[in-house]
Amino acid sequence: QVQLVESGGGLVQAGGSLRLSCAASRRTFSLYAMGWFRQAPGKEREFVAAISRSGGESYHADSVQGRFTISRDLVKNTLYLQMNSLKPEDTAVYYCAAKIAPWTEVPSYAYDAWGQGTQVTVSS
């Protein structure tokens with residue numbers, strides 16, 4: 001099973017930007033659709049964005065649409081989440097996840113593997 005390691009989290013002021021990365025351990029990275037989720041204190045984990053195996057299809061939650069962009073590099077076996085115009089309500093632990101899926105599927109649930117998470121804190 002693929003191993004996932006997130007990085008890039010930190011403390012940023014409202015309106016700032018961060019780019020999260022998720023490195024995958026296996027060369028079979030292209031077999032997996034990928035997603036980002038987040039969990040704020042006292043709240044359930046929520047879907048943020050997902051991208052197909054090819055990278056040609058993606059979907060973003062309404063709460064981040066227009067501010068966040070998911071992408072992947074099939075050569076580097078890495079998933080990214082570019083986060084712009086950050087808000088205090090974006091504060092959470094961010095997780096990347098992988099799911100075996102058809103070539104163009106963009107799943108928002110039932111992922112197979114998860115990273116350990118990276119903390120993002122947005123100050124007002």
Listed partners of [X] passing side-chain contact (heavy atoms from CB on, under 4.5 Å), at least two apart:
X      : value
Ser108 : Phe47
Ala23  : none
Ser71  : Tyr80

Any salt bridge (Lys or Arg N to Asp or Glu O under 4.0 Å) pairs touching residues 81-101, not counting sequence neighbours? Arg38-Asp90, Arg67-Asp90, Lys99-Glu105
Pairs satisfying salt bridge (Lys or Arg N to Asp or Glu O under 4.0 Å), at least one member in residues 109-124, at least two apart: none
[X] and [Y]: which non-hydrogen atoms are nearest, and at how many Å?
X      : Y     : value
Ala92  : Ala40 : CB-N, 3.8 Å
Gly115 : Tyr95 : O-CD2, 3.6 Å
Pro107 : Ala33 : CD-CB, 3.5 Å

Which pairs, with at least one residue in [range] and sequence neighbours excluded, count as a disulfide (SG to SG under 2.5 Å)?
range           : value
residues 56-86  : none
residues 42-77  : none
residues 49-124 : Cys22-Cys96

Show me the pairs that pass side chain to side chain donor-acceptor pair (under 3.5 Å) and involve residues 1-15, at least two apart or across chains. Glu6-Gln116
Using only atom types and a distance under 3.5 Å, with no angle test, would you say the side chain of [X] pairs donor to acceptor with the backbone of [Y]?
X     : Y      : answer
Ser54 : Ser52  : no
Arg19 : Gln82  : no
Arg53 : Ala101 : yes

Hits for ring pair (Phe, Tyr, Trp, His ring centres under 6.0 Å) against Trp114, two or more places apart or cross-chain, chain-then-number order -> Phe37
Tracing side-chain links under 4.5 Å among I, L, V, M, F, W and Y, which residues wind up in one group with Phe29? Val2, Leu4, Val12, Leu18, Leu20, Leu31, Tyr32, Met34, Trp36, Val48, Ile51, Val64, Phe68, Ile70, Leu74, Leu79, Leu81, Met83, Leu86, Tyr94, Ile100, Val120, Val122
Polar contact flag, side-chain donor to acceptor under 3.5 angstrom, Asp73-Thr78: no
Suppose we screen for side-chain hydrogen bond (donor to acceptor under 3.5 Å, both in side chains). Which residues come up paired with Gln65, at least two apart in sequence or across chains? none
